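A quick note: this is a predicted structure, and the numbers were derived from the prediction, not measured.
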Amino acid sequence: YGDHRDLHLSLRRQRQMCIRDRMKKKHILFACIHNSGRSKIAEAFFNYYVNKLNKKNILSCSSAGTYPKKNVNTNVQKVMKEVGINIIGKPQIINNDTLSKTDIVFTMGCDIDSDKCPNILDKKTVDWNLADPSEKNLEEVRKIRDQIDDKVKNLIQKLLTEKSIN
């Protein structure tokens, strides 16, 4: 009986550790070159949906760029306000602090602009291949915003159901 009880306790501990590992907070980094458009939109939508779903305890994100601009793109701010979301914060540079807490990096179009693509080693990286909104008119920026919105919704759904992310 003693051996059976020890085995039962050991299995219970393993199951609890497995559940705890699955529930570990996942941190996503949205990265692009200037951190003034696509990655800021992705971060804003991600935070909006995570807050709405009350999942801040298991999902978080940040955004950064390799060559951040001084401010967020004006048209990006306008199209996000149209959907009731204000972009908060100045563009940030990718640094070791950010990378150390990151589980998955989503780049916003490095296949398009590979010479300036963030080269992030030792992290799972997925590229969303989105157009850069910096020189686009409002209508084109709205299309990019809507593409990012769809991608972020799908990402959160996958993260919450532990499906493969790509």
Do Gln147 and Leu130 touch side chain to side chain, with heavy atoms closer than 4.5 Å?
yes

Could you tell me if the side chain of Ile144 sits less than 4.5 Å from the side chain of Arg38, heavy atoms only?
yes

Working to the nearest 0.5 Å, report the span between NE2 of His27 and OG1 of Thr102.
4.5 Å

Side chains of Val79 and Leu138, heavy atoms from C-beta outward: is any pair under 4.5 Å?
yes

How long is the span from the CD1 atom in Ile148 to the CG atom in Leu155, to the nearest 0.5 Å?
12.5 Å

Under a 4.0 Å threshold between the charged nitrogen and the carboxylate oxygen, would Lys101 count as salt-bridged to Asp97?
no

Check whether more than 12 heavy atoms from other residues, nucleotides or ligands sit under 6.0 Å from atom CG of Asn54, and answer yes or no.
no

CD1 on Ile94 to OH on Tyr67, rounded to 0.5 Å
10.5 Å

When you look at OH of Tyr49, are more than 12 heavy atoms from neighbouring residues, nucleotides or ligands closer to it than 6.0 Å?
yes

Got Met80 and Lys40 here, is their nearest side-chain heavy-atom distance under 4.5 Å?
no

Run the side-chain contact (heavy atoms from CB on, under 4.5 Å) check on Lys56 and Asn51 step by step: do they pass?
CA-CA 6 Å; Lys56 288 191 295 188; Asn51 287 335; 2.6 Å; yes

Do Ser36 and Asn73 have side-chain atoms, one donor and one acceptor, less than 3.5 Å apart?
no

State, yes or no, whether a side-chain contact exists between Val72 and Pro91 at a heavy-atom distance under 4.5 Å.
yes

Out of curiosity, does Ile104 fall in the hydrophobic cluster containing Leu160 (side-chain heavy atoms, cut-off under 4.5 Å, transitive links)?
yes

Does a side-chain heavy-atom distance below 4.5 Å link Phe45 with Lys153?
no

Given side chains that start at C-beta, do those of Trp128 and Val152 come closer than 4.5 Å, heavy atoms only?
yes

Here the gap from His34 atom NE2 to Thr66 atom OG1, rounded to the nearest 0.5 Å, amounts to 7.5 Å

In terms of ring plane angle, is the pair Phe106 and Phe30 parallel, tilted or perpendicular, where the classes change at 30° and 60°?
tilted

Under 4.5 Å between any side-chain heavy atoms of Glu43 and Asn47, yes or no?
yes

